[in-house]
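In what follows, every chain begins at residue 1, and chains take the letters A, B, ... in the order their sequences are listed. Since this is a predicted model, take the numbers as computed values, not measurements.
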There are 2 protein chains.
Amino acid sequence: MKITSSSDSRLPLYQRLSDEWLAKIASGEWQPGEAIPTEAELTQHYGVAVGTVRKAIDCLVNDGLLERNQGRGTFVRRPQFDASFFRFFRQLPATGEQGIPESHILSNRITAPSATVRHALELDADEKVVHLKRLRTIRNGRRFYEDIWLPAKAFHRLAELQPDEFDPLLYPFYEAQCGQIIASAQETLSISTAHDEVAERLQLAEGTPTVRVERIARGYNRKPLEYRIAQGPTEGFRYQIDIN
Amino acid sequence: MKITSSSDSRLPLYQRLSDEWLAKIASGEWQPGEAIPTEAELTQHYGVAVGTVRKAIDCLVNDGLLERNQGRGTFVRRPQFDASFFRFFRQLPATGEQGIPESHILSNRITAPSATVRHALELDADEKVVHLKRLRTIRNGRRFYEDIWLPAKAFHRLAELQPDEFDPLLYPFYEAQCGQIIASAQETLSISTAHDEVAERLQLAEGTPTVRVERIARGYNRKPLEYRIAQGPTEGFRYQIDIN
DNA sequence: GAGTGGTCTAGACCACTAG
DNA sequence: TAGTGGTCTAGACCACTCG
């Protein structure tokens, strides 16, 4: 069996295989939660040795796209890293779960993006975006406010829903509603001040310092799918990172 | 050749090998910057197949401890992640290098640790610490103030030096002076306020909000080697993280 | 040209999972 | 018990580095 993906034939075989399979995951041919073909099947299908198949799978496992289960099979991992964002306002490190913040969508409309948003999402000049405004409440009562922008081309459906039809966890919701899967993200923290709607929604005086977390979330193909700015009060804010 | 490290013999061979080699790196038997024995030598020495040696090396490469160079050899990597801390006060993402912040040691003394410090460094009840106070200045003139605590047992030499003998990059300096190598770290960001010496050194009014970065840095064996609290003004603060 | 790591093969046997 | 991934072997050939 030939490799169909358009990868450079000078690349190592295992690389080309893992590229091929990445494409299958990205396209949805291999669905999150499902098992991929067994090593034996892949070996036979592509006419390569097991070791090569294993090495290709290794790559995708290391990238967090696949998950092996001895005796069961190899599965497409559902990127579940929304959980990792509970570093946001986490009270104490490793203090156990604290549940999903309450979530209230304030608005969901299609708009023309600002230059900043267009740049962050790498949009063409005339592309529209879906703009969500959201208020979240952590268990301890702290709130934060989010502006979320998504390319209308892929996410227009979100503008057609009622605000109360949204799930508190957006990433699985994007997948269910729009077939778009968030695979990675980059966050930038800074300190800002509350103004206008932010101040009002967070019940803070104008100009109060806030923590600001800016996030660009991307799909498997590294294309930006979501640009998000979250702001919340500084008290009790904690953000924890491991570095190697 | 037998494996000398005390690893559980139920573990896979490649695991035991990589544990063994990790110990060699941690103990300094394999020095940073130097090449480790070739795959052929290791294969013969331990009486295992190349594939197994390669897999063991893979583990250490993935953990960032070794670095392969085709045609040259496999080298012990000098953990150089101080650079990654230039996310701290980085002005714009990927705006190019900004050099090493100027650094001024204000004091270096042996003291009895507070309960917090003792806990962070996992010290016994009567253990002492070296306490460094440091003021750093970024190229753009912004300053931040650091308290740094290290177990006196391994770092007492730092208390015997003159403040101006310290290098601006502490981690290579620890290695050179005390033979201690920092391998990983955990940081926690929060928002605090400036008081006393911090306020004075940063020339901020008492109670001004500050960014606070708390760090526990560990050696190869995961034992805490350094506890550090950095505080700086909130303006211009940016901290960027990639998440997968 | 000698030596290094990089890729790839074609098996064997083991440990775990599920029906 | 059949099928899965996990470990391990013993080679082959290639690409790169350096003297």
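Atom C1' of nucleotide C:dC8 and atom CG of A:Leu17 are separated by 11 Å, given to the nearest angstrom. Atoms CG (A:Leu66) and P (D:dT4) sit 16 Å apart, rounded to a whole Å. As a whole-Å value, the separation of B:Gln15 CD from D:dT7 P is 8 Å. Distance, A:Gln44 CD to C:dG11 P: 13 Å, rounded to whole Å. Protein atom CD of B:Gln70 is 10 Å distant from nucleotide atom P of C:dG5, rounded to whole Å. Here C:dA18 presents its C1' atom at 11 Å from CZ of A:Phe75, a figure rounded to the nearest Å. Atom pair B:Glu39:CD and D:dA10:C1' shows a separation of 14 Å (rounding to whole Å applied). Between the P atom of D:dT17 and the CD atom of B:Glu67 lies a distance of 14 Å, rounded to the nearest Å.
A donor-acceptor contact shorter than 3.5 Å links the side chain of A:Glu127 to the backbone of A:Asp124. A donor-acceptor pair under 3.5 Å links the side-chain atoms of A:Asn108 to the main chain of A:Leu158, judged by distance alone. Judged by distance alone, with hydrogens and angles left aside, the side-chain atoms of B:Gln31 form a donor-acceptor pair with the main-chain N or O of B:Gly28 at under 3.5 Å. Side-chain atoms of B:Asn69 do not come within 3.5 Å of backbone N or O of B:Phe75 as any donor-acceptor pair.
Note on A:Lys55: a side-chain N or O is less than 4.0 Å away from OP1 or OP2 of C:dT7. Within the 4.0 Å cut-off from OP1 or OP2 of C:dC8, not a single side-chain nitrogen or oxygen of A:Thr52 is found. Remark: A:Arg72 is not in phosphate contact with D:dG5, judged by side-chain N or O atoms under 4.0 Å from OP1 or OP2. Residue A:Tyr14 places at least one side-chain N or O closer than 4.0 Å to OP1 or OP2 of C:dT7.
Each of A:Val48 and A:Asn69 was matched to the nucleotide of DNA chain C holding its nearest heavy atom; the match closer to the 5' end belongs to A:Val48. Comparing B:Arg54 and B:Thr38 against DNA chain C, the residue whose closest nucleotide sits nearer the 5' end is B:Thr38.
Base pairing annotation: D:dT7 forms a Watson-Crick or G-U wobble pair with C:dA12, both donor-acceptor distances under 3.5 Å.
Ring-plane geometry between A:Tyr174 and A:Tyr171 is classed as tilted, the angle between the planes lying from 30 to 60 degrees on a 0 to 90 degree scale.
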